[in-house]
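Throughout, protein chains are lettered first and strands after them, A, B, ... in sequence-line order, and every chain is numbered starting at 1.
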Amino acid sequence: MKIATWNVNSIRTRLDHVLNWLYVNAVDVLCLQETKVVDELFPQSAFESEGYQVYISGQKAYNGVALISRQALKNVQVGFTSVLGSSEATERFDQQKRLICAISSPSGAEQPSLRILNLYVPNGSEIGSDKYYYKLEWLALLEEYIQNLLQQDPCHLLICGDFNIALEDRDIHDASERAHHIMASDLERQALQRVLQIGLQDAFRKFTAEGGHFSWWNYRAGGFQRNRGWRIDHQYLSKALYQAATACTIDTAPRRLPQPSDHVPVTVELDMAAL
DNA sequence: ATGGCTATCGCGGATAGA
């Protein structure tokens, strides 16, 4: 089973890139972030014509996530409130459409179910700003959300998306200023580490130890051409899934196309029969 | 370098991204 994550920076602008990529790569589930469109205007039929089911949580101009799946998904849940119940905090954070979760249950097989959580973690703007504290609070709520999910139904869990955090220095082209840089500060890394301590491991690092592998490059100043990038798009797996992972790859090809997204897709391959 | 680029909304230029 192959699951990919891709921040497309507007699904309507990037529709051809995504459809072409899916045609060549044929993943089972594609998790999209920054779709930047309300649900009514999401190009759903373009994916359905290619045999995919579409599950979306979008808003006007900003944010927005989607699950594009070969098989129908079950128990689709959107936002924090659907899992944590309504509170001042869940309602406030759910104004921004940043998470969608569903269960993939292979039909006719004895293979176990897999819960897929697709995230668009807030960017944080700059260290110390209101948006920075919003990001840290959002990650704290995410920790609570995942603990609740696992209590409700302790199944295999895959969390992927644009985390807007480089967890280690080897995930940054130049880590010298990292302590003062958004996406690399100690508090951001600690907030993500607390989430991962629930029992999640980075699929990419099962296979690749060296630095120089990135998933995002700044549009400005020839970031991609000079490989001045960051690895901020991740695939995190619960223990048995991590054991069952057979590959995790970053596909830089779409970044070379005209008018690319600034992020590229990251795909994890799982041997479900090994579970 | 208060730099560099891209997308949305909406029609100029602010806002956001990372």
L117(A) pairs by side chain to side chain contact (heavy atoms under 4.5 Å, CB included) with which of L158(A), I146(A), I100(A), V65(A)? I146(A)

Given [options], which nucleotide is nearest the side-chain atoms of [X]?
X: T13(A); options: dA16(B), dT8(B), dA18(B); answer: dT8(B)
X: A61(A); options: dA7(B), dC9(B), dA18(B); answer: dC9(B)
X: N123(A); options: dA18(B), dA7(B), dG17(B); answer: dA18(B)
X: R220(A); options: dA7(B), dC5(B), dA16(B); answer: dC5(B)
X: W216(A); options: dA18(B), dA7(B), dA16(B); answer: dA18(B)

For a ring-ring contact (aromatic ring centres under 6.0 Å, His included) with Y236(A), tell me which candidate from F163(A), F204(A), Y242(A) qualifies. F163(A)

State whether [X] places a side-chain N or O below 4.0 Å from either non-bridging phosphate oxygen (OP1 or OP2) of [N].
X: N164(A); N: dA18(B); answer: yes
X: R12(A); N: dC9(B); answer: yes
X: R98(A); N: dG17(B); answer: yes
X: S125(A); N: dA16(B); answer: no
X: K131(A); N: dG17(B); answer: yes
X: N9(A); N: dA16(B); answer: no

Any donor-acceptor pair under 3.5 Å linking the side chain of D262(A) with the backbone of Y219(A)? no

Over all strands shown, is [X] touching base, sugar-phosphate only, or nothing at heavy-atom distances under 4.0 angstrom?
X: Q259(A); answer: sugar-phosphate
X: D233(A); answer: nothing
X: D162(A); answer: sugar-phosphate
X: R14(A); answer: sugar-phosphate

Between [N] atom [atom2] and [X] atom [atom1], what is the distance in whole Å?
X: Q96(A); N: dG17(B); atom1: CD; atom2: P; result: 7 Å
X: E177(A); N: dA18(B); atom1: CD; atom2: P; result: 21 Å
X: N63(A); N: dA18(B); atom1: CG; atom2: C1'; result: 14 Å
X: I182(A); N: dG17(B); atom1: CD1; atom2: C1'; result: 11 Å
X: H263(A); N: dA7(B); atom1: NE2; atom2: P; result: 13 Å

Report yes if the side chains of C101(A) and L149(A) come closer than 4.5 Å at any heavy-atom pair, otherwise no. yes

First encountered from the 5' end of DNA chain B, between K60(A) and Y120(A): K60(A)

Do E188(A) and S185(A) have side-chain atoms, one donor and one acceptor, less than 3.5 Å apart? yes

How far, in whole Å, is [M] from [N] if one measures between their [atom1] atoms?
N: dT15(B); M: dG10(B); atom1: P; value: 14 Å
N: dA7(B); M: dG12(B); atom1: C1'; value: 16 Å
N: dG13(B); M: dT2(B); atom1: P; value: 23 Å
N: dC11(B); M: dA1(B); atom1: P; value: 37 Å

